[in-house]
2 protein chains.
Amino acid sequence: MMQRLSPEQITALLTAHTVRPTRQRLALAMHLFSGPHRHVTAETLHREVQAEGHTVSLATVYNTLNHFHTLGLLGEVSLTPGSTWFDTNTKHHFHAFHEETGELWDIDPAEVGPVAVAGLPEGMELARMDVVIRVRSKG
Amino acid sequence: MMQRLSPEQITALLTAHTVRPTRQRLALAMHLFSGPHRHVTAETLHREVQAEGHTVSLATVYNTLNHFHTLGLLGEVSLTPGSTWFDTNTKHHFHAFHEETGELWDIDPAEVGPVAVAGLPEGMELARMDVVIRVRSKG
DNA sequence: GTCATTGCAAATACTTTGCAAATCA
DNA sequence: TGATTTGCAAAGTATTTGCAATGAC
């Protein structure tokens with residue numbers, strides 16, 4: 001799924017959510033939404049836009065990622081304590097994480113087989129289910 | 001599963017892993033291994049032993065939890081970025097997390113139904129699968 | 001021009017580490 | 001006694017926040 005959103009669509013997406021399409025937000029949104037789905041941390045995204053010559057402070061990257069997450073444009077992945085990953089794929093899916101290389105990719109729930117949760121306490125409902133499959137190279 | 005290990009068994013457990021059963025480690029291990037299964041952070045465990053009158057520094061709690069984890073006596077739960085939870089249940093199981101109350105408890109894999117992972121890339125094998133079921137009170 | 005947004009630096013939260021003093025075998 | 005362990009304080013890493021300057025409409 002290359003080129004999900006064009007620059008115009010990205011601007012439209014931001015204004016639709018009543019966030020001003022500023023230079024910084026556009027630069028970040030382009031990285032997030034114009035190519036294939038991404039997994040980023042504030043740190044990795046900051047490095048990327050810097051490398052492209054854009055000037056965006058790290059604080060703004062943090063704020064923007066949180067902002068986009070609040071708007072539902074990004075998902076959050078609980079992977080390792082210590083850093084927060086954001087995921088441009090907000091559909092229901094699972095993750096595979098290679099602990100040796102740090103690689104992270106999506107797993108289609110269909111590949112994990114049918115999953116149902118029984119035995120939840122009375123009065124509670126499932127809000128969301130996070131599955132992280134940790135893999136290693138076959139030794 | 002109350003009273004899993006007696007004080008003597010805990011001392012034996014530590015010496016078996018060639019860690020000296022010092023006053024601090026015994027106090028921490030008692031909290032972790034003498035009652036039912038626990039989920040703790042360095043912070044919560046530190047508060048507990050302090051409340052009991054033991055003097056253990058927070059740094060030692062961190063070091064000891066990491067040490068026990070390395071020895072395989074504790075599992076680690078990836079829940080929320082920002083704090084690390086340790087789990088005295090090291091058997092294969094899943095977690096349910098109540099995002100509103102912060103409650104965390106174990107889920108028997110049997111209650112989640114059969115799970116199998118297909119479609120892993122060539123040359124990789126499953127190392128471990130973490131499932132976090134997030135629940136909320138029925139609205 | 002007005003109000004949102006940005007960037008910096010400071011603050012906060014969590015965790016690790018260096019090292020001297022204390023402790024255990 | 002000799003090696004390990006502890007506690008403190010300092011450093012490190014990840015993230016948030018206050019506020020003056022900037023930028024968008």
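Residue numbers start from 1 in every chain, and the chains themselves are labelled A, B, ... in the order their sequence lines are given, proteins ahead of strands.
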Please determine whether a side-chain nitrogen or oxygen atom of [X] lies at a distance below 4.0 Å from atom OP1 or OP2 of [N].
X	N	answer
Asn66(A)	dT15(D)	no
Gln24(A)	dG23(D)	no
Tyr62(A)	dT15(D)	yes
Arg20(B)	dA3(D)	no
Thr84(B)	dT15(C)	yes
Thr41(A)	dA14(D)	no
Thr60(A)	dG7(C)	yes

(request) Please work out which residues in residues 44-57 of chain A have a non-hydrogen atom less than 4.0 Å from an atom of DNA chain C and list them by number. (result) Thr55(A), Val56(A), Ser57(A)
(request) State plainly whether one hydrophobic cluster holds both Ile107(A) and Leu104(A), where clusters connect Ile, Leu, Val, Met, Phe, Trp and Tyr through side-chain heavy atoms under 4.5 angstrom apart. (result) no
(request) Answer with base, sugar-phosphate or nothing: what part of the nucleic acid does Asn63(B) contact at a heavy-atom distance below 4.0 Å? (result) base
(message) Using the side chain to side chain donor-acceptor pair (under 3.5 Å) definition, which of the options Asn89(B), Asp106(B), Thr88(B) pairs with His39(B)?
(response) Asp106(B)
Do [X] and [Y] have side-chain heavy atoms sitting under 4.5 Å apart?
X	Y	value
Glu43(A)	Leu58(A)	yes
Arg136(A)	Arg134(A)	no
Leu73(B)	Phe86(B)	no

Rounded interatomic separation in angstrom, taking [atom1] from [X] and [atom2] from [N]:
X	N	atom1	atom2	result
Leu65(B)	dT15(C)	CG	P	10 Å
Glu43(A)	dT16(D)	CD	P	13 Å
Arg23(A)	dT22(D)	CZ	C1'	10 Å
His69(A)	dT15(D)	NE2	P	13 Å
Phe68(B)	dT5(D)	CZ	P	11 Å
Phe86(B)	dC14(C)	CZ	C1'	12 Å
Leu58(B)	dT16(C)	CG	C1'	11 Å
Arg25(A)	dT22(D)	CZ	C1'	14 Å

(request) Would you mind telling me which residue lines up with the more 5' stretch of DNA chain D, Pro81(B) or Thr64(B), judged by nearest nucleotide? (result) Thr64(B)
(request) For Thr18(B) and for Ala59(B), locate the closest nucleotide of DNA chain D by heavy-atom distance; then report the residue assigned to the nucleotide nearer the 5' terminus. (result) Thr18(B)
(request) Could you tell me whether His31(B) and Phe33(B) have their ring centroids closer than 6.0 angstrom? (result) no
(message) With no hydrogens and no angle check, just 3.5 Å: does a side-chain donor-acceptor pair link Thr60(A) and His46(A)?
(response) no
(message) Tell me whether Arg38(B) is salt-bridged to Glu48(B), with the criterion being a basic N under 4.0 Å from an acidic carboxylate O.
(response) yes
